[in-house]
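All residue numbers in this chain count up from 1 along the given sequence. Bear in mind the structure is a predicted one, so any value in this text is a computation, not a measurement.
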Amino acid sequence: MDIILSNSSDKPIYEQITSQVKAQILSGTLAAGAKLPSIRALASDLGVSVITTKRAYADLEAQGFIETVQGKGNFVAGGNMELLREERLRQVEGHLAR
């Protein structure tokens with residue numbers, strides 16, 4: 001999972017993580033059922049706090065993009081094709097509005 005963070009961005013770090021993971025799910029880079037790095041491992045890899053990655057994962061789960069399985073980890077949510085379609089439409093609408 002490739003995530004590039006920028007301290008000069010106007011977006012908070014957790015939002016940068018959230019949007020990049022979401023983009024990878026929407027593009028198919030991260031397939032349904034794919035295991036995501038643990039919160040601690042991702043925080044260590046990115047050089048950010050555990051709280052930051054926990055917030056990003058919580059946002060992704062609230063939006064239905066990932067699922068947490070107690071004792072096993074975080075996975076890309078499966079069976080949410082309608083959610084993915086709606087998100088892609090939102091992105092297209094945003095591009096058209098610009």
Original post:
Does Ser19 reach the main-chain N or O of Glu15 with its side chain, forming a donor-acceptor pair under 3.5 Å?
Top reply: yes
Consider only side-chain heavy atoms of I, L, V, M, F, W and Y, link residues closer than 4.5 Å, and tell whether [X] and [Y] are in one cluster.
{"X": "Ile51", "Y": "Ile3", "result": "no"}
{"X": "Met1", "Y": "Tyr14", "result": "no"}
{"X": "Phe75", "Y": "Ile17", "result": "no"}

**OP:** Search all heavy atoms of Gln20 against all heavy atoms of Ile4 and return the closest pair with its distance.
**Re:**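 Taking every non-hydrogen atom into account, NE2-O, 2.6 Å.
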Original post:
Would you say the side chain of Val21 lies within less than 4.5 Å of the side chain of Gln24, judging by non-hydrogen atoms?
Top reply: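 No, their side chains stay 4.5 Å or more apart.
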Per-pair distances, 0.1 Å, donor-acceptor, side chain in residues 60-70, under 3.5 Å, sequence neighbours excluded:
{"residue": "Glu61", "atom": "OE1", "partner": "Thr68", "partner atom": "OG1", "Å": "3.1"}
{"residue": "Glu61", "atom": "OE2", "partner": "Thr68", "partner atom": "N", "Å": "3.4"}
{"residue": "Gln63", "atom": "OE1", "partner": "Lys22", "partner atom": "NZ", "Å": "2.9"}
{"residue": "Thr68", "atom": "OG1", "partner": "Asn74", "partner atom": "OD1", "Å": "2.6"}

**OP:** Check step by step if side-chain contact (heavy atoms from CB on, under 4.5 Å) holds for Ile13 and Gln16.
**Re:** CA-CA 5 Å; Ile13 300 292; Gln16 291 179 49; 3.8 Å; yes
Show me the donor-acceptor pairs within less than 3.5 Å that the side chains of residues 34-44 make with the rest of the protein, sequence neighbours left out.
{"residue": "Lys35", "atom": "NZ", "partner": "Lys72", "partner atom": "O", "Å": "3.0"}
{"residue": "Ser38", "atom": "OG", "partner": "Ala41", "partner atom": "N", "Å": "3.0"}

